[in-house]
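Report on the structure given below.
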There are 2 protein chains.
Amino acid sequence: MFSIGRLSRATGVKVPTIRYYEEAGLMPPPDRSAGGQRRYARADLDRLHFIAHGRGLGLSLEAIRHLLELSDKGRDCTDAHQIAAQHLSDIRARIARLQRLETELERLADTCDHAPGAPCGLIEALGDHGQCLGEH
Amino acid sequence: MFSIGRLSRATGVKVPTIRYYEEAGLMPPPDRSAGGQRRYARADLDRLHFIAHGRGLGLSLEAIRHLLELSDKGRDCTDAHQIAAQHLSDIRARIARLQRLETELERLADTCDHAPGAPCGLIEALGDHGQCLGEH
DNA sequence: CCTTGAACCTCTAGTGACTAGAGATCCTAT
DNA sequence: ATAGGATCTCTAGTCACTAGAGGTTCAAGG
């Protein structure tokens, strides 16, 4: 049985965040001490690790909630793999998009020759999407 | 002079978003018709194009606000380039991070052999960060 | 046993960049 | 003159937290 502070230190998840996860239904309401403070057991530690790991991988709380359900009632892991696959394709799409932005921003910055007194090519280009090559 | 709806259609920015930009101080309070409806001029169109383009590139409203100020009082474009450079390095950091996540997720999904009745390797791995190679 | 002070409690509000809805008013085309 | 689409303001909700106020409890040292 440990306090919320120890759970926090053990997992790296901040105290208010743990309480937030409880309110959000990801962590079950724990036991309480005589004075009303939260007391956690081993299973809670594992569950919080699971959540923290999922968040670290960029999964939404919604997705993690779903995975926890699957984990709770075990067996079929098709859904779990589907969630992971969906997330993976999200990540790939985001990478592709960011790479387009990277290219575009590099190009925009180059349209300015920094001539003293002249208008800034970068700012001009921002006002005129017509100058852009790809879309974003 | 056009209505907010026409401005919206001309820029692709939704009507409530335009009002939000006004409230956020990015768009100046426009003229009003006798009945109190917003009436926009050419300069507003250009400014909104600028904002939309910046957003499309992933700039924060804060950054755009700053760029608009620079644009308004012209001349020195050092700051503008600094904002762009900062954003570019943010983008690169995000790409790198997402690529690490991509690798890790691919690996996690592979730890499961889908054996019927066996626990899901993916879910197990999510509970145990110790199995991970990089950090995230 | 008592005190101290760190940790804990609940509750409210704020973040960024919008989006959704209610209920009322306006504008334009017929 | 009227119909109905567009607009108005205002409030509240989204996601995943974070910050702060003001009060209570716990554990260690004396």
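Convention: sequence-line order gives letters A, B, ...; per-chain numbering from 1.
- Between B:Arg55 and B:Leu59, the closest heavy-atom pair is NH1-O, 2.6 Å.
- Here A:Thr17 reaches the OP1 or OP2 of D:dT18: one of its side-chain N or O atoms lies under 4.0 Å away.
- Listed pair A:Ser3 / C:dC8 meets the phosphate criterion, a side-chain N or O lying under 4.0 Å from OP1 or OP2.
- Within 4.0 Å of B:Arg55, counting heavy atoms only, lie sugar-phosphate atoms of the nucleic acid but no base atom.
- Heavy-atom minimum distance, A:Phe50 versus B:Ile123: CE1-O, 3.5 Å.
- One interatomic measurement links the two molecules: CD1 of A:Ile4 to P of C:dT10, which rounds to 9 Å at whole-angstrom precision.
- Salt-bridge formation is detected for the pair B:Glu106/A:Arg92: a Lys NZ or Arg NE/NH1/NH2 atom is positioned less than 4.0 Å from an Asp or Glu carboxylate oxygen.
- Note on A:Lys14: a side-chain N or O is less than 4.0 Å away from OP1 or OP2 of D:dT18.
- In this structure, the CZ atom of B:Arg6 is 14 Å from the C1' atom of C:dC27, given to the nearest Å.
- In this entry the distance linking CD of B:Glu62 with C1' of C:dA17 reads 13 Å, nearest Å.
- Contact detail for B:Arg47 and B:Leu26: the closest heavy-atom pair is NE-O, 2.8 Å.
- When the C1' atom of D:dC15 is taken as reference, atom CD1 of A:Ile51 falls 16 Å away, rounded to whole Å.
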Could you go through residues 31-42 of chain B and list every donor-acceptor pair under 3.5 Å that involves a side-chain atom there, pairing it with any protein atom two or more places apart or in another chain?
{"residue": "B:Arg32", "atom": "NH1", "partner": "B:Gly36", "partner atom": "O", "Å": "2.8"}
{"residue": "B:Ser33", "atom": "OG", "partner": "B:Gly35", "partner atom": "N", "Å": "3.3"}
{"residue": "B:Ser33", "atom": "OG", "partner": "B:Gly36", "partner atom": "N", "Å": "3.4"}
{"residue": "B:Ser33", "atom": "OG", "partner": "B:Gln37", "partner atom": "N", "Å": "3.0"}
{"residue": "B:Arg38", "atom": "NE", "partner": "B:Glu22", "partner atom": "OE1", "Å": "2.7"}

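- Legend: residues meeting ring-ring contact (aromatic ring centres under 6.0 Å, His included) with A:His87, ordered by chain and number and at least two apart, are absent.
- Contacts of residues 22-38 of chain B with DNA chain C (heavy atom under 4.0 Å): B:Ser33, B:Ala34, B:Gly35, B:Gln37.
- Checking the phosphate oxygens (OP1, OP2) of D:dC8, a side-chain nitrogen or oxygen of B:Arg19 falls inside 4.0 Å.
- At least one side-chain nitrogen or oxygen of A:Tyr21 sits closer than 4.0 Å to the OP1 or OP2 atom of D:dC17.
- For B:Ile18 and D:dC8, the CD1 to C1' distance is 14 Å, given to the nearest whole Å.
- Spacing between atom CG of A:Leu59 and atom P of D:dC15 amounts to 15 Å, rounded to whole angstrom units.
- One can place OH of A:Tyr20 at 17 Å from P of C:dT12, the figure rounded to the nearest angstrom.
- Rounded to an integer number of Å, the gap from CG of A:Leu61 to C1' of D:dT14 is 13 Å.
- Residues A:Ile83 and A:Ala63 share a closest heavy-atom pair of CG2-CB, 4.0 Å.
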